[in-house]
Amino acid sequence: MSESVSESVSESVTGRTRLVKGPGLLLVWLYGVMSVGAVSRSVYQIATEYDRAPLAYTLSAVAAVVYAFITYTLVRGGETARRAALVCCAAELVGVLVVGTWTVIEPSAFPDATVWSAFGKGYLFIPVLLPVTGVVWLRKAGRRG
């Protein structure tokens, strides 16, 4: 009981609804891991072999920025951050579906894989599952708040 009271006081003092609780904590963790992985991959590939597959490596960098921004907004909390994360998750889902479909239909356009290639196959399909989960969680968090 005391924990929920202190949580309510903490939320009212900061003026922000916490998004990092329950499934939101898992989302932050997964987005954080994906951020590190995508940033590391894209920085290395752009620095060492950009001429080989510029589109693929640029798309991996875009994915890294999206993951990092969503991680930040989830940690930040609040209604504005929730809405921004929701828009980014939806945009991420569109990106994964477009790039995933493109890499399956026209693999020659991608001499090397991106984070979103084949719907995130190289990342255990987490890139396609994560934005769906994020949209569901963020919509639910908006109704609660």
Side-chain angles (χ1 to χ4, degrees), residues 3 6-8 10-145:
E3 187 175 310
S6 66
E7 188 174 295
S8 296
S10 168
E11 287 179 11
S12 65
V13 168
T14 63
R16 294 187 187 140
T17 304
R18 284 192 66 218
L19 298 172
V20 184
K21 57 185 174 187
L25 183 58
L26 179 60
L27 277 176
V28 167
W29 187 84
L30 286 172
Y31 270 114
V33 168
M34 292 300 291
S35 296
V36 170
V39 166
S40 302
R41 176 185 184 145
S42 63
V43 165
Y44 174 77
Q45 289 173 325
I46 288 170
T48 62
E49 49 196 25
Y50 184 75
D51 293 341
R52 186 170 146 220
L55 178 60
Y57 302 153
T58 301
L59 287 172
S60 287
V62 168
V65 169
V66 169
Y67 293 147
F69 182 77
I70 292 171
T71 303
Y72 167 75
T73 57
L74 290 172
V75 169
R76 180 164 168 47
E79 183 58 19
T80 303
R82 186 194 68 80
R83 287 182 187 155
L86 184 58
V87 168
C88 280
C89 284
E92 174 194 358
L93 181 58
V94 169
V96 171
L97 295 176
V98 168
V99 172
T101 302
W102 191 1
T103 58
V104 169
I105 291 172
E106 187 61 42
S108 63
F110 295 87
D112 202 357
T114 74
V115 174
W116 294 341
S117 290
F119 309 102
K121 181 179 176 182
Y123 287 82
L124 305 173
F125 297 101
I126 292 171
V128 76
L129 298 172
L130 204 50
V132 171
T133 307
V135 166
V136 169
W137 167 249
L138 290 163
R139 290 192 65 192
K140 186 176 179 180
R143 284 193 295 267
R144 274 197 323 260

Legend entry - Side-chain heavy atoms of Thr114 within contact of Trp102, under 4.5 Å: no
Inset, instruction - To the nearest 0.5 angstrom, please state how far the OH atom of Tyr67 sits from the CD1 atom of Ile126. - result: 9.0 Å
Legend entry - Nearest heavy atoms of Cys88 and Phe69, plus distance in Å: SG-CD2, 3.3 Å
Legend entry - Non-hydrogen atoms of Glu92 and Pro127 that approach each other most closely: OE2-O, 3.8 Å
Legend entry - Student check: side-chain heavy atoms of Cys89 and Tyr31 closer than 4.5 Å: yes
Legend entry - Phe125 atom CZ: more than 12 heavy-atom contacts under 6.0 Å: yes
Inset, instruction - With rounding to the nearest 0.5 Å, note down the distance linking OG in Ser42 to OH in Tyr50. - result: 11.5 Å
Legend entry - From Leu55 atom CG to Asp112 atom CG, the distance as rounded to the nearest 0.5 Å: 11.5 Å
Inset, instruction - Write down the atom of Thr71, the atom of Ser35, and the distance for their closest heavy-atom approach. - result: OG1-OG, 3.5 Å
Inset, instruction - Please round to the nearest 0.5 Å and tell me the distance separating atom CZ of Arg82 and atom CZ of Arg76. - result: 14.5 Å
Legend entry - Nearest heavy atoms of Thr103 and Gly100, plus distance in Å: OG1-O, 2.9 Å
Legend entry - Value rounded to 0.5 Å, distance of CG in Leu30 from CD1 in Ile70: 12.0 Å
Inset, instruction - Please report the shortest heavy-atom distance between Ala85 and Thr73, naming the atom on each side. - result: CB-OG1, 3.1 Å
Legend entry - Neighbour count above 12 (heavy atom, 6.0 Å) for Phe110 CZ: yes
Inset, instruction - Starting at CH2 of Trp137, measure out to CG of Leu130 and round the result to the nearest 0.5 Å. - result: 14.0 Å
Legend entry - Heavy-atom side-chain contact between Leu97 and Trp116 under 4.5 Å: no
Legend entry - Note, Leu74 side chain near Leu138 side chain (heavy atom, < 4.5 Å): yes
Legend entry - Side-chain touch Leu59/Val99, heavy atoms, less than 4.5 angstrom: yes
Inset, instruction - Answer whether the closest heavy-atom distance between the side chains of Met34 and Val115 falls below 4.5 Å. - result: yes
Legend entry - Closest approach of Gly134 to Leu27 (non-hydrogen atoms, all atoms of both residues): CA-CD1, 3.8 Å
